[in-house]
Visitor: 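Right, I'll just put the structure down here and ask away after.
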Amino acid sequence: QVQLTESGGGLVQAGGSLRLSCAASGRSFGSYTLAWFRQTPGKEREFVGAISRIGGITDYADSVKGRFTVSRDNPKNMMYLQMNSLKPEDTAVYYCAAGSRVVRSDNYDYWGQGTQVTVSS
């Protein structure tokens with residue numbers, strides 16, 4: 001089991017940047033694929049990006065590709081989402097997730113509680 005806690009959300013102007021962090025506790029952190037999802041009211045949870053166990057392979061939704069970067073630091077049990085060139089449509093609650101492999105569905109094993117990102121015009 002792994003517990004995940006997101007932080008770093010907030011209010012930013014369009015075009016600005018934020019870095020979200022996901023702190024993990026539990027066993028075998030390095031054995032998990034990690035991912036970020038986001039959700040707005042009335043919509044299904046949406047895949048944002050994922051990173052493989054070692055960190056050498058990443059995958060991103062087309063909507064964020066080139067603007068967002070997922071990284072991880074296994075010795076520190078941390079994952080990050082660097083968000084640049086933010087747009088109002090990026091406004092959502094962002095969740096980190098852990099699972100066995102990179103998938104674009106929300107079928108991950110563990111989830112954080114979410115952190116709010118609001119991008120104003």
Visitor: Determine, using the 4.5 Å side-chain heavy-atom cutoff (strictly less than), whether Val103 and Trp111 are members of one ILVMFWY cluster.
Guide: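 Yes, one cluster joins them.
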Visitor: To check you understand the geometry: which heavy-atom pair defines the closest contact between Thr69 and Tyr60, and what is its length?
Guide: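 Minimum heavy-atom contact is CA-OH, 3.3 Å.
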Visitor: Under 3.5 Å, side chain of Gln113 to main-chain N/O of Glu6, donor-acceptor pair present?
Guide: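 Confirmed, Gln113 side chain pairs with Glu6 backbone.
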Visitor: Are Phe37 and Phe47 close enough that their ring centres sit under 6.0 Å apart?
Guide: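 Yes, ring centres under 6.0 Å apart.
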Visitor: Same cluster or not: Val64 versus Val93, using hydrophobic residues (I, L, V, M, F, W, Y) connected whenever any side-chain heavy atoms lie under 4.5 Å apart?
Guide: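 No, Val64 does not connect to Val93 through the hydrophobic network.
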Visitor: Determine, using ring centers only, whether Tyr108 and Tyr32 are less than 6.0 Å apart.
Guide: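 Not close enough - the centres of the two rings lie 6.0 Å or further apart.
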Visitor: Working to the nearest 0.5 Å, report the span between CZ of Arg72 and CZ of Arg53.
Guide: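 So the gap between those two atoms works out to 8.5 Å.
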Visitor: With a 4.5 Å heavy-atom cut-off, do Gln82 and Asn84 have their side chains touching?
Guide: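 SC-SC contact between Gln82 and Asn84 confirmed.
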Visitor: For the atom pair OG (Ser31) and CD1 (Ile54), what is the distance rounded to the nearest 0.5 Å?
Guide: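 Spacing of OG (Ser31) from CD1 (Ile54) equals 12.0 Å.
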Visitor: If you define the side chain from C-beta out and look only at heavy atoms, does anything of Val119 sit under 4.5 Å from Gln13?
Guide: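 In short, these two side chains do not touch, never coming nearer than 4.5 Å.
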Visitor: Might you point out which heavy atoms bring Met79 and Cys96 nearest each other, and give the distance in Å?
Guide: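 So the minimum-distance heavy-atom pair works out to CE-CB, 3.5 Å.
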Visitor: Any idea which heavy atoms bring Ser17 and Ser85 closest together, and the distance?
Guide: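 Answer, listing the atom of Ser17 first, then Ser85: OG-N, 4.3 Å.
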Visitor: Within a strict 4.5 Å, meaning less than it, do heavy atoms of the Val102 and Ile57 side chains meet?
Guide: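 Side-chain contact under 4.5 Å: no.
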Visitor: With side chains defined as the heavy atoms from C-beta onward, is the minimum distance between Val117 and Leu18 less than 4.5 Å?
Guide: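 Yes; the side chains approach each other to less than 4.5 Å.
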Visitor: So, does Thr115 use its side chain to make a donor-acceptor pair with the main chain of Gly9 at under 3.5 Å?
Guide: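 Yes; at least one donor-acceptor contact below 3.5 Å.
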Visitor: Can you tell me how far the CZ atom of Arg45 sits from the OG atom of Ser105, to the nearest 0.5 Å?
Guide: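 Answer for the CZ-OG pair, Arg45 versus Ser105, is 10.0 Å.
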Visitor: On a heavy-atom basis, which atom in Thr91 and which in Gln116 lie closest, and how many Å separate them?
Guide: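 So the minimum-distance heavy-atom pair works out to CG2-NE2, 4.0 Å.
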Visitor: Is a side-chain N or O of Gln3 found less than 3.5 angstrom from the main chain of Ser25, in a donor-acceptor match?
Guide: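 Pair absent, no side-chain N/O of Gln3 close to backbone of Ser25.
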Visitor: Could you state the interatomic distance from OH (Tyr110) to CG (Leu34), rounded to the nearest 0.5 Å?
Guide: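 Answer for the OH-CG pair, Tyr110 versus Leu34, is 12.5 Å.
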Visitor: Of all the heavy-atom pairs spanning Thr40 and Ala92, show the shortest one and how long it is.
Guide: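 Smallest heavy-atom distance, with atoms named: CG2-CB, 3.6 Å.
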Visitor: So do Phe29 and Lys76 actually touch side chain to side chain, heavy atoms under 4.5 Å?
Guide: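 No, side chains not in contact.
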Visitor: Tell me whether the count of non-hydrogen atoms from other residues, nucleotides or ligands lying under 6.0 Å of CD in Glu89 goes above 12.
Guide: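 Yes, enclosed.
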Visitor: Is the shortest heavy-atom distance from the side chain of Asp90 to the side chain of Met83 under 4.5 Å?
Guide: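 No, their side chains stay 4.5 Å or more apart.
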Visitor: Looking at side-chain heavy atoms only, is the closest gap between Glu46 and Gln39 below 4.5 Å?
Guide: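 Not touching, per the 4.5 Å side-chain cut-off.
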Visitor: Treat each ILVMFWY residue as a node, draw an edge where side-chain heavy atoms are under 4.5 Å apart, and state whether Val12 and Tyr80 are in one component.
Guide: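 Shared cluster, no.
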Visitor: Can you confirm whether Arg104 is buried at CZ, in the sense that more than 12 heavy atoms of other residues, nucleotides or ligands lie under 6.0 Å from that atom?
Guide: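 Buried by this count: over 12 neighbours within 6.0 Å.
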Visitor: Please confirm whether Arg38 makes a cation-pi placement over Tyr95, using NZ or CZ under 6.0 Å from the six-membered ring centre and within 45° of the ring normal.
Guide: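 The answer is no, since Arg38 fails at least one limit relative to Tyr95.
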Visitor: Please report the shortest heavy-atom distance between Leu4 and Ala24, naming the atom on each side.
Guide: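 Answer, listing the atom of Leu4 first, then Ala24: CD2-CB, 3.7 Å.
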Visitor: Quick one: are Trp36 and Cys22 in side-chain contact, heavy atoms under 4.5 Å?
Guide: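 Side chain of Trp36 against side chain of Cys22, heavy atoms only: contact under 4.5 Å found.
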